[in-house]
Amino acid sequence: ISAPFVEAEKINLLKSGDSDNQSRTVTKSLQQPLTARVNGAQGNPKEGVVVSFQRKSSPQGQVGFAVNQPQPKTDPQGIISANVVLGNKSGTYEISATCNDCEPKEIVFTANAAPAALIKYSGDKQIGVVGGVITNPLAIKTSDQITNEAVSNIGINFQATTPDGATGQKLEPVSMPTDNLGFARTVFTLGNKQGDYTIAANSPDATPPAEFKACARLDVPDIKQHE
């Protein structure tokens with residue numbers, strides 16, 4: 001006599017708590033771990049079920065997006081979680097939690113990376129001689145809009161607007177990522193025309209744009225009075 005067939009218990013993979021749809025500044029960790037729950041058919045928690053969290057999608061060109069899962073299996077309450085660090089590009093990030101023995105086999109969490117704050121830090125309103133390098137670099141800083149912590153690895157672009165017909169003006173560099181303290185700096189060489197120059201610093205991943213002013217004057221030697 002063969003043993004009666006016993007159907008395996010159906011177990012369910014669910015999102016737990018309010019960890020889905022979090023928002024945080026680019027490059028920062030989500031404030032709450034992503035949390036999933038595995039239940040039996042009667043709603044009872046299932047311990048020891050393997051669930052895997054993985055990156056699913058992210059903004060093009062981002063770097064730094066990471067998922068860290070401390071434990072591979074659910075705890076006695078059927079709970080499993082993962083910590084997420086967002087990448088350096090603003091936009092939507094998706095993280096999947098998969099369980100081969102569950103229904104559904106996959107659930108997807110969404111997180112939103114908000115732009116950093118872009119702050120004009122130093123170097124504004126300098127005066128120099130036409131064709132010369134202004135004395136101090138132009139510096140911006142990017143920071144977390146909530147905590148004011150520095151935000152690194154944000155691509156900053158610098159662009160100059162000049163008096164009509166000016167040539168020879170130069171920015172070095174014209175683009176760079178912010179450093180570990182959130183700073184990006186450029187050195188500006190004035191063009192061959194006197195007047196006002198405007199240098200904009202902007203990024204798709206930091207707001208608002210910053211604007212620097214520099215004034216070029218002619219190199220006129222001092223005229224001494226003779227008795």
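Every value quoted in this text rests on a predicted model; they were computed, and no experiment measured them.
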For [X] versus [Y], what's the shortest heavy-atom pair and its separation?
X	Y	result
Phe212	Ser122	CE2-O, 3.2 Å
Ser29	Val85	OG-CG2, 3.5 Å
Pro204	Ser90	O-OG, 3.4 Å
Gln54	Val67	C-CG2, 4.4 Å
Leu138	Gly123	CD2-O, 3.1 Å
Gln194	Arg217	CB-CA, 4.3 Å

Step through the shown structure and confirm whether more than 12 heavy atoms of other residues, nucleotides or ligands are within 6.0 Å of [atom1] on [X].
X	atom1	answer
Gln71	CD	no
Phe183	CZ	yes
Lys170	NZ	no
Asp18	CG	no
Ile127	CD1	no

Query raised in the report: Given Gln22 and Leu34, is the side-chain contact (heavy atoms from CB on, under 4.5 Å) satisfied, shown in steps?
Result: CA-CA 9 Å; Gln22 294 183 65; Leu34 302 183; 4.0 Å; yes
Let me confirm one number: the [atom1]-[atom2] distance from [X] to [Y], rounded to the nearest 0.5 Å.
X	Y	atom1	atom2	result
Gln69	Ser81	CD	OG	8.0 Å
Gln62	Lys89	CD	NZ	9.5 Å
Gln32	Asp20	CD	CG	11.0 Å
Lys46	Gln77	NZ	CD	14.0 Å
Ile140	Thr186	CD1	OG1	10.5 Å
Gln169	Thr189	CD	OG1	9.5 Å

Can you get from [X] to [Y] by hopping between Ile, Leu, Val, Met, Phe, Trp and Tyr side chains that sit under 4.5 Å apart?
X	Y	answer
Ile79	Val84	no
Tyr121	Leu118	no
Phe188	Val174	yes

For a 4.5 angstrom cut-off between non-hydrogen side-chain atoms, does [X] reach [Y]?
X	Y	result
Pro115	Asp205	no
Thr198	Lys213	yes
Asn83	Pro70	yes
Leu181	Lys141	no

Query raised in the report: Partners of Lys193 by salt bridge (Lys or Arg N to Asp or Glu O under 4.0 Å), sequence neighbours excluded?
Result: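 None.
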Query raised in the report: Is a side-chain donor-acceptor pair under 3.5 Å present for Thr27 with Asn88?
Result: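 Note: Asn88 and Thr27 side chains miss the donor-acceptor criterion.
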Requested in this report: For Thr35 and Lys15, test the side chains for any donor-to-acceptor distance below 3.5 angstrom and give the result as yes or no.
Outcome: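 No pair is found: no donor N or O on one side chain lies under 3.5 Å from an acceptor on the other.
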Query raised in the report: Which of parallel (below 30°), tilted (30 to 60°) and perpendicular (above 60°) describes Phe65 and Tyr93?
Result: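 Rings of Phe65 and Tyr93: perpendicular, over 60°.
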**Report entry** Val130 and Leu190: CA distance, side-chain angles, deciding distance, side-chain contact (heavy atoms from CB on, under 4.5 Å) verdict
**Finding:** CA-CA 6 Å; Val130 291; Leu190 296 161; 5.7 Å; no
List the atom pairs, with distances to 0.1 Å, where a side-chain N or O of residues 148-166 and a protein N or O form a donor-acceptor pair under 3.5 Å, not counting sequence neighbours.
{"residue": "Glu149", "atom": "OE1", "partner": "Thr147", "partner atom": "OG1", "Å": "3.3"}

Report task. Return yes if some donor-acceptor pair links the side-chain N/O of Gln126 with the main-chain N/O of Thr135 below 3.5 Å, else return no. Result ->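 Checking the backbone N and O of Thr135 against the side chain of Gln126, a donor-acceptor pair under 3.5 Å is found.
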Query raised in the report: Does Glu94 use its side chain to pair, donor to acceptor, with the backbone of Val108 at less than 3.5 Å?
Result: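 Not a single qualifying donor-acceptor pair exists.
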Query raised in the report: Can you name the one residue among Thr98, Asn100, Ile107, Ile80 that meets side chain to side chain contact (heavy atoms under 4.5 Å, CB included) with Val51?
Result: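 Only one option passes, and that is Ile80.
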**Report entry** Intermediate values then yes/no, side-chain contact (heavy atoms from CB on, under 4.5 Å), Phe109 and Phe53
**Finding:** CA-CA 10 Å; Phe109 294 85; Phe53 287 87; 3.8 Å; yes
Query raised in the report: side-chain contact (heavy atoms from CB on, under 4.5 Å) between Ile95 and Lys56: does it pass, once the steps are laid out?
Result: CA-CA 5 Å; Ile95 303 93; Lys56 186 175 179 71; 5.9 Å; no
